[in-house]
Amino acid sequence: GSAMLDKTYRPASVETRQYEAWERAGCFAADPASAKRPYTIMMPPPNVTGSLHMGHALTFTLQDILIRFERMRGRDALWQPGTDHAGIATEIVVASRLAERQIDKRTLGREAFIERVWEWKAESGGTITRQLRRLGASADWARERFTMDEGLSAAVRRVFVTLHREGLIYRDKRLVNWDPVMHTVISDLEVESRETQGKLWHIRYPLEGDAGRFIVVATTRPETMLGDTGVAVHPDDARYTALVGKKVRLPLVGRLIPIVADEYADPAMGSGAVKITPAHDFNDFEVGRRHGLEVLNIFDRDAHMNDAVPEKYRGLERFAARRAVLADLEAEGLIEKTEDHVLMVPHHDRSGEIIEPWLTDQWFCNAAELAKPAIAAVESGQTRFVPRQWENTFFEWMRNIQPWCISRQLWWGHQIPAWYGPDGKVFVAESEAEASREAAAHYGGEVALSRDEDVLDTWFSSALWPFSTLGWPEETPELKRYYPGDVLVTGFDIIFFWVARMMMQGLHFMKDQEGRGEVPFRTVYIHALVRDERGQKMSKSRGNIIDPLDLIDRYGCDALRFTLAALASPGRDIKLAESRVESSRNFATKLWNAARYAEISGCSLKPGFDPRTCHLTVNRWIAGATRECAAAVTGALEAFRFDEAANHLYHFLWGSFCDWYLEFTKPILAGDDAAAGAETRATTAWVLAQTLHLLHPLMPFLTEEVWQQLAGAQVATPGATPGAIEAGMLIVGHWPDLPPELHDPAAAAEMEALIADLSAIRAVRAELNIPPGTRIAAELRDADPAAAARVGKYADYFLRLARVDVSEGAAGGGAVQVVGAGATFVLHVGTIIDLSREKTRIAKEIERFDADLARFAQKLANPAFLAKAKAEVIEEQREREADARRGRERLKAAYDRIAAG
RNA sequence: GGGCGAUUAGCUCAGUGGGAGAGCAUCUCGUUUACACCGAGAGGGUCGGGGGUUCGAACCCCUCAUCGCCCACCA
């Protein structure tokens, strides 16, 4: 063997070394030429300038678990990594870094600014991928992509041009969500409504030609009255029927505007009359359209008043304008009343700025059309969501989807491939040369074209990720082999932003041999968000951020990974408590020491060893338990139950293997029976090896380290890359597929009964404070044959693990009665304990049995139960009642004996 | 306003019709050579309230309460 393992596992020294070894040996690389079945996960590309947070740690841990699991199951695993240029987010970061140095983005100019962004990417772009490596992510880094790579940019242009030709991308003048500080439009999804304490002002609008009479409208945004072009009342509102068709004179402005009847007006709200500002409110826009009202834009792109308003308000920014308007209305006695009012104010989720509905020309994508096949694909199960409930969320949004505004007035991103001729005619093409040719053909000669200055929404390129990363529009072997992906793992917060759009684009552009659209992934696994231990969202402002790298430093990567997996129950947020990570670290140490013990005890893996050939019950038992654990872990991972996989492994390794099996077998290893010793050593090593395999996806570093120190070099793994074979790496090992015959029911029953006996005796000893070192003579009473045989067979276990000598005869003094599995143990404790205390203890236990018996009796005496319950349920209840009765009888006998002295 | 989810031990959470569980924390005992990041034990819960279905409910249905999230045009 190898050098003896250190006393404790030191993650830091192991992690870097193992990771580099894996990468060097090519273990992460997918192999398009392989005969294996492919397995693909597209990594959701993190922001290129980002750094690892707990949400990343969770999502990438889960993905890595799946990738390692399937790789070990013999699949050609591709985990496609990359980063996203994250248009707005990155532009904001770079602009504010420049602002710190008193440099204004706009003064700098477009080209220079973009250069600065590329510099910033070069500087910080490697951070996130370095951190992913520290997390153990086994992604195929040689295939790393960036959404603004030339290849991916070409894919973006091809998609844009194609959809435009198909009429699914078009230019339109509509109200959009405008950020007046960043000077860009954003999509509906990027608007975040925030509850705000505001006021509701009731304003009198004088009726034309009817001096002294008013119609009162209520508004939360009085400054927009300068752009009012109508007042709406409900057609059935009797109060206003006579006024419909009449006009009001707009205060401060003097324009005459009509009163129209529209169902939008809610008679129950305010006065029942509502001012209509079509250019600055989405609802009003629709009302205006229905009644042919003028659309009067009163804001410029900074949300300052423009020349459409009376001179005194021009140039005022929106809140200054509000104050001025209110003051003037007040002065004219036109404010009827003011109420406090809570309203939802739209903000840009990135910049935090208050959004202004504003009328502009933008590029839109006909999402409703693209959504149809995506909806059908989920309905038919071609793509399924796990947990299932998220399909409803997906459907709800997709069935009510609005046109997707895809242009942004930013600089960092894919510039829209559209060029304008002198007369404004647009030429959409994949390159400027192509646009020029088209223009020349159109105009009958060379003309100067100007390119559309806008860039595309970041999510436009992310939507293509499942195929653009594989080389599309080229027909690469990768594209053919790795599309569609198997699983997409992500949080619910980007189902709309990303998942839905990948579905739309994938189905539209990727076709199978029959020409039908192909989904980008078969399964969407949606995980929860990570919160702090009190359930609060982690945020800088709350100061409750837990840095995953900090946890990795202090507890090891495997401890963090195991914790996240164990907490990843479906449909629930993850509240991360550090104590949980500590407990996982302890688990890692436990495994480390079990392996160390195996090494010290000479338990080395025997190639070709088959545990079915074991003779000793204890070995047959643990081999069966290993197979049960393997089956449970495999099933759990197949079902994305990372939590169950973690828990099964925890209990098997710590409980069954360490607490019982290793303790049971110590005397065998120390004993004279060479055959028994050899069998047990081989079994111990075998169980450990299976466990290392099963645990590897969750704790890759520790398991790899232990594997190589204990067994790795001796066991070649067919099918692995040459470097990995040579190194005997666990990462490319074979996932345990253990035969069901390993489970030996008789051996399991015997060992479980033994464990029950020992536990019962230990509990009583502890309860009666019998010193642990005190050996006690014991004899059996009322034993059934199986129990008698078992106790005889395992006398040395009773001695060592429960400190009772079952072979010694009776001695004098007080006796303690312990009910085990099928027998009573009479412990001759001499004068160690107080008999009255023992009587009390037994009486308490009898009470417990009585309570159980009463329940069983009631149930079994119930004719309805006997008539309607399933036969096996009744039988089970009968057996349990019989067990309880036997237990009680033994205790009662014991009690009587004590009472009799 | 609509929708979804949660409510089980002090804390964090498993448990989809038939014996209420785990980890951590607490308490007791113990350093017997893998491990004190350990071992052996113990205490602790009318499973949010109410109603219903059922022979039987933590689990299914209804209802209420509280908390969280998502969507939405309430001026």
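Each chain gets a letter, A, B and so on, in the order its sequence line appears, and its residues count up from 1.
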A/Y9 OH to B/rC38 P, straight-line distance once rounded to whole Å: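 Distance check: A/Y9 OH to B/rC38 P gives 17 Å.
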Selection residues 642-660 of chain A - residue pairs positive for salt bridge (Lys or Arg N to Asp or Glu O under 4.0 Å), sequence neighbours left out: A/R641-A/D643, A/R641-A/E644
Rounded P spacing from B/rU8 to B/rC59 in Å: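 After rounding to an integer number of Å, I get 14 Å for this pair.
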Flag, side chain of A/H648 to backbone of A/A646, donor-acceptor distance under 3.5 Å: no
A/F587 CZ to B/rC38 P, straight-line distance once rounded to whole Å: 12 Å
Gap in Å between the two C1' atoms, one belonging to B/rC47 and one to B/rA22, rounded: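 Rounded to whole Å, the distance is 15 Å.
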Nucleotide B/rC13, atom C1' - distance to CD1 of A/I574 in whole Å: 11 Å
Side-chain H-bond candidate by donor/acceptor type, A/H341 with A/Q197, under 3.5 Å: no
Working for side chain to side chain contact (heavy atoms under 4.5 Å, CB included), residues A/L866 and A/I874: CA-CA 7 Å; A/L866 296 173; A/I874 297 173; 4.0 Å; yes
Spacing of CZ belonging to A/R596 relative to OG1 belonging to A/T589, to within rounding of 0.5 Å: 11.5 Å
Pairs meeting criterion side chain to side chain donor-acceptor pair (under 3.5 Å) with involvement of residues 265-277 of chain A, two or more places apart: A/T224-A/K275, A/D228-A/K275, A/D228-A/T277, A/K275-A/T277
Distance, P atom - from B/rA9 to B/rU46, rounded to whole angstrom: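 9 Å, rounded to whole Å.
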Side-chain donor/acceptor of A/Y797 to backbone N/O of A/F664, under 3.5 Å: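 Side chain of A/Y797 to backbone of A/F664, a donor-acceptor pair under 3.5 Å: yes, one is there.
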Nearest-angstrom distance from the residue atom CZ of A/R775 to C1' of B/rU32: 13 Å
Any side-chain heavy-atom pair of A/S656 and A/H651 under 4.5 Å: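 The answer is no, as the side chains (C-beta and beyond) never meet within the 4.5 Å cut-off.
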Distances under 3.5 Å between nitrogen or oxygen atoms of protein and nucleotides 17-23 of chain B:
unit_1	atom_1	unit_2	atom_2	d
B/rG18	O2'	A/Q877	NE2	3.3
B/rG19	OP1	A/R880	NH1	2.8
B/rG19	O4'	A/R880	NH1	3.4
B/rG19	O4'	A/R880	NH2	3.2
B/rG19	O2'	A/R880	NH2	3.3
B/rG19	N9	A/R880	NH2	3.4
B/rG19	N3	A/R880	NE	3.1
B/rG19	N3	A/R880	NH2	3.1
B/rA22	O2'	A/H651	NE2	3.4
B/rG23	O2'	A/S583	OG	3.4

A/F642 and A/Y525 aromatic centres sub-6.0 Å: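 Centroid distance A/F642-A/Y525: below 6.0 Å, so yes.
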Separation of B/rC37 C1' from A/L653 CG (nearest whole Å): 14 Å
Nearest-Å distance once atom C1' is located in both B/rC37 and B/rU31: 15 Å
Residue mapping more 5' on RNA chain B - nearest nucleotide basis, A/L567 or A/Y597: A/L567
Pairwise C1' distance for B/rC73 and B/rG15, with rounding to whole Å: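 Rounded to whole Å, the distance is 44 Å.
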Spacing of A/R322 atom CZ relative to B/rA75 atom C1', expressed in whole Å: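 Nearest whole value for this atom pair: 13 Å.
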Under 3.5 Å, N/O pairs linking protein and nucleotides 66-72 of chain B:
none

Touch class at under 4.0 angstrom, heavy-atom based, for A/E879 against every strand present: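 A/E879: no heavy atom of the nucleic acid under 4.0 Å.
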Paired and unpaired positions of RNA chain B as dot-bracket, Watson-Crick or G-U wobble under 3.5 Å, | denoting a partner strand: ((((((((.[[[[.)..(..]]]].(((((.......))))).....[[[[[..)....]]]]])))))))....
Span that lies between the P atom of B/rC70 and that of B/rC11, in whole angstrom: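 So the two P atoms sit 26 Å from each other.
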Touch class at under 4.0 angstrom, heavy-atom based, for A/G655 against every strand present: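 If one applies the 4.0 Å heavy-atom cut-off, A/G655 turns out to touch nothing in the nucleic acid.
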Side chain to side chain contact (heavy atoms under 4.5 Å, CB included) assessment of A/F395 paired with A/W390: CA-CA 9 Å; A/F395 287 140; A/W390 291 108; over 6 Å; no
Separation of B/rC24 P from A/Y555 OH (nearest whole Å):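 Distance check: A/Y555 OH to B/rC24 P gives 14 Å.
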Residue A/R596, side-chain atoms from C-beta onward, closest of B/rC35, B/rA75, B/rC37: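 Side chain of A/R596 sits closest to B/rC35.
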Touch class at under 4.0 angstrom, heavy-atom based, for A/D266 against every strand present: base
Under 3.5 Å donor-acceptor, A/R204 side chain and A/L329 backbone: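 It does not hold such a pair.
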Atom pair CD/CD1 of A/E847 and A/I842 - distance to nearest 0.5 Å: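 Reported to 0.5 Å precision, the distance equals 13.0 Å.
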Short N/O separations, protein against nucleotides 40-44 of chain B, under 3.5 angstrom:
unit_1	atom_1	unit_2	atom_2	d
B/rA40	O3'	A/R762	NH1	3.2
B/rG43	OP1	A/R848	NH2	3.4

Length of the line joining A/D237:CG and B/rA75:C1', which is rounded to integer Å: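 That distance rounds to 14 Å.
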N/O donor-acceptor pair under 3.5 Å between A/S601 side chain and A/C603 backbone: no
P spacing across the pair B/rG48 / B/rU16, given as an integer number of angstrom: 15 Å
Nearest-0.5 Å distance that lies between atom OG1 in A/T684 and atom CD1 in A/I622: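 Here the interatomic distance stands at 9.0 Å.
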Check: A/F562 ring centre within less than 6.0 Å of A/F587 ring centre: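 Yes - the distance between ring centres of A/F562 and A/F587 falls below the 6.0 Å cut-off.
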Candidates B/rG39, B/rC37, B/rA34 - which lies nearest the side chain of A/W654: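 The listed nucleotide nearest to A/W654's side chain is B/rG39.
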A/N586 vs B/rC35: side-chain N/O to OP1/OP2 distance below 4.0 Å: no
Short side-chain N/O contact from A/T589 to OP1 or OP2 of B/rC35, under 4.0 Å: no
B/rC74 and B/rG17, which share atom name P, separated by this distance in whole Å: 42 Å
Contact nearer the 5' end of RNA chain B, comparing A/P267 with A/E663: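 In this pair, the answer is A/E663.
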Touch class at under 4.0 angstrom, heavy-atom based, for A/R554 against every strand present: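 No contact.
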Sugar-phosphate only, base, or nothing, as touched by A/L866 at under 4.0 Å among non-hydrogen atoms: nothing
Side-chain donor-acceptor contact under 3.5 Å, A/E881 with A/Q877: no
Touch class at under 4.0 angstrom, heavy-atom based, for A/A566 against every strand present: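 Counting heavy atoms under 4.0 Å across all strands, no contact is made by A/A566.
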